[in-house]
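Basis for what follows: all heavy atoms, side chains included, without hydrogens, waters or symmetry-related copies.
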Amino acid sequence: MFDLIVTNANLPDGRTGIDIAVRDGRIAAVERGIGAETKETIDASNRLVSPPFVDPHFHMDATLSLGLPRMNQSGTLLEGIALWGELKPLLTREALVERALRYCDLAVAQGLLAIRSHVDVSDPRLVTVEALLEVKDRVKPYLDLQLVAFPQDGYLRTPVAADALARALDMGVDIVGGIPHFERTMAEGAASVAALCRIAAERGLPVDMHCDESDDPLSRHVETLAAETIRHGLQGRVAGSHLTSMHSMDNYYVSKLIPLIHEAGMHVIPNPLINITLQGRHDSYPKRRGMTRVPELMAAGINVAFGHDCVMDPWYSLGSGDMLEVAHMAVHVGQMTSRDAMRACFDAVTVNSARVMGLDGYGLDVGNHADFVVLQAANPIEAIRLKAHRLAVVRRGRIIARSEPRVSQLFLEGREAIVDAAAYAPQAGRDVD
């Protein structure tokens, strides 16, 4: 007897007609024609069943705060930071918790079941930390939430940041963050990287640092981050987020930098929606795209994972918690339109992001947690093309979100028709090479 069987599913690796059986919150079988007794069945009907979406870079303390205290008129990163600085003294624990929980509901509906959120520790009240620790505990049954101690105003630039960051880590925040390009000088930026990596090494914690989120080709703190990762033996535990300056660096320097990132075993987290929006704001034409060198990093064997970064906050007025929208933007910005490249973009919002977060029991193999999402698409490429509708979201073997297929009924002269966008694919929705 199984608790749940998903029948006739397509899997991201190309297998079709597969059944997935669940018992006691774990995947018990993945094979054709299981045909056993079960308490509940989901007929996938040749739809894609994927492991849940994972967002390795987000700002949950700022989410859904759009318009508070005013709008970002220039659309720049720096005005967004200034706006957030105006809002911080007005933040309350209750409002932070309420907005974050509303976002978590949205995330679950989108099949997004794991999020790494940066939490600003520049305000010595640490109300953001208190609120997000409460949210982490409350969503634990249905969403994995990791928190990064993020000194938004600069670790060295802000007099209270060092003490506040240490207190945040003592309170239970999981990861050490930083923002070296926002320190006063390049030298202080490098010093902040060294100090924060030392703290992580001493505490046995991972590092996830906003790094070189700039159009300046001479913003090269990722080099320091890679070197400090190696110095402190942090390989595999460090992520460099954004790295947008790599878009503007000369090719010779990048030919040195990418092998260094690989040697350090670093993860790289671009944020396509936000990078394409905030970067290049000082350009006339030609205007830089701003996203880091994703195809080259992937080709070098570096784990690249895409983050959503922002939803309706001082930096980005759009967003819906949809990681397929993130992958869709990456395909376009990175010109990653080959079949293999598009599949890699799907991996960047699922398995690659799970690797960044170190999620235990993630994936569709027997013995893993029974966490997955049924999509109204036949394969990963079609899922990205359509930003596919979520038909069912399963967490630990329990259906926690469900919706009807999205179709349109047409009433045309002389005939009626049903249109399902997912049916407009090569070979009736199958992938092609």
Side-chain angles (χ1 to χ4, degrees), residues 56-62 77-78 80-81 84-85 88 116-124 126 128-129 132 146-171 173-214 216 219-232 234-246 260-261 264-271 274 292 307 309 315 356-357:
H57 186 105
F58 195 64
H59 292 265
M60 198 172 287
D61 51 0
L77 171 67
L78 293 181
I81 293 174
W84 176 242
K88 271 191 286 193
R116 175 180 284 184
S117 175
H118 295 254
V119 185
D120 188 2
V121 297
S122 297
D123 183 343
L126 293 182
T128 50
V129 174
L132 268 294
Q146 293 180 354
L147 302 178
V148 183
F150 176 49
Q152 172 74 79
D153 296 335
Y155 181 71
L156 298 179
R157 185 172 185 165
T158 309
V160 299
D163 176 69
L165 185 137
R167 286 191 291 123
L169 297 176
D170 291 341
M171 291 166 67
V173 173
D174 310 286
I175 299 158
V176 178
I179 184 168
H181 53 279
F182 197 63
E183 302 292 353
R184 288 190 180 89
T185 66
M186 290 290 288
E188 288 192 351
S192 76
V193 173
L196 290 162
C197 286
R198 184 171 60 253
I199 290 169
E202 290 170 351
R203 289 179 176 258
L205 296 176
V207 175
D208 191 334
M209 208 167 287
H210 287 59
C211 209
D212 301 326
E213 189 181 2
S214 167
D216 179 4
S219 183
R220 297 178 173 181
H221 296 297
V222 63
E223 178 182 72
T224 305
L225 181 59
E228 292 297 323
T229 297
I230 296 167
R231 184 190 315 279
H232 291 287
L234 295 170
Q235 290 93 331
R237 294 160 50 195
V238 175
S241 291
H242 293 291
L243 309 191
T244 59
S245 65
M246 285 183 69
L260 180 60
I261 293 172
M266 283 174 52
H267 307 285
V268 171
I269 309 175
N271 297 280
I274 311 307
T292 195
D309 199 4
W315 295 273
V356 170
M357 290 185 63

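Residues C197 and E228 share a closest heavy-atom pair of SG-CB, 3.8 Å. When all heavy atoms of V121 and A168 are compared, the closest pair comes out as CG1-CB, 3.7 Å. In plain terms, the two heavy atoms of H118 and D61 that are nearest each other are O-OD1, 3.7 Å. Residues P151 and D120 approach most closely at C-OD1, 4.4 Å, considering heavy atoms. The nearest pair of heavy atoms linking V222 to D212 is N-OD2, 2.9 Å. Shown here for A166 and R203, the closest heavy-atom pair between the two residues is O-NH2, 3.5 Å.
Checked against the 6.0 Å centroid criterion, the rings of F182 and H210 do not qualify as a close aromatic pair.
Interatomic distance, CZ of R116 versus CE of M60, reported as 13.0 Å (0.5 Å rounding). Rounded to the nearest 0.5 angstrom, D208 CG and D174 CG are separated by 11.5 Å. In this structure, T158 OG1 and Q152 CD are separated by 9.5 Å, a value rounded to the nearest 0.5 Å. To the nearest 0.5 angstrom, H221 atom NE2 is 7.0 Å from S192 atom OG. A distance of 3.5 Å separates NZ of K88 from CG of D153, quoted to the nearest 0.5 Å. Between R157 atom CZ and T185 atom OG1 the span is 10.0 Å, to the nearest 0.5 Å.
The shortest distance between side-chain heavy atoms of N271 and H242 falls below 4.5 Å. Counting only heavy atoms from C-beta outward, the side chains of W315 and L77 approach each other to under 4.5 Å. Side-chain contact between V176 and L169: present, with at least one pair of heavy atoms (C-beta onward) separated by less than 4.5 Å. Between V173 and L205, every side-chain heavy-atom pair lies at or beyond the 4.5 Å cut-off. Inter-residue side-chain proximity for S245 and D216 is flagged as unmet; no heavy-atom pair is nearer than 4.5 Å. Counting only heavy atoms from C-beta outward, the side chains of R237 and V207 never approach each other to under 4.5 Å.
H57 and S241 share a side-chain donor-acceptor pair at under 3.5 Å.
For T292 (side chain) and L243 (main-chain N/O), a donor-acceptor pair under 3.5 Å exists by modelled atom type. In this structure a side-chain-to-backbone donor-acceptor pair under 3.5 Å is present from R167 to P124. Put simply, the side chain of Q146 gets close to the backbone of M357: a donor and an acceptor are under 3.5 Å apart.
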*Output, in order, the C-alpha distance, side-chain angles, deciding distance and verdict of side-chain contact (heavy atoms from CB on, under 4.5 Å) for I230 and L260.*
CA-CA 10 Å; I230 296 167; L260 180 60; 4.1 Å; yes
*side-chain contact (heavy atoms from CB on, under 4.5 Å) between F150 and H59, worked out*: CA-CA 10 Å; F150 176 49; H59 292 265; 3.7 Å; yes
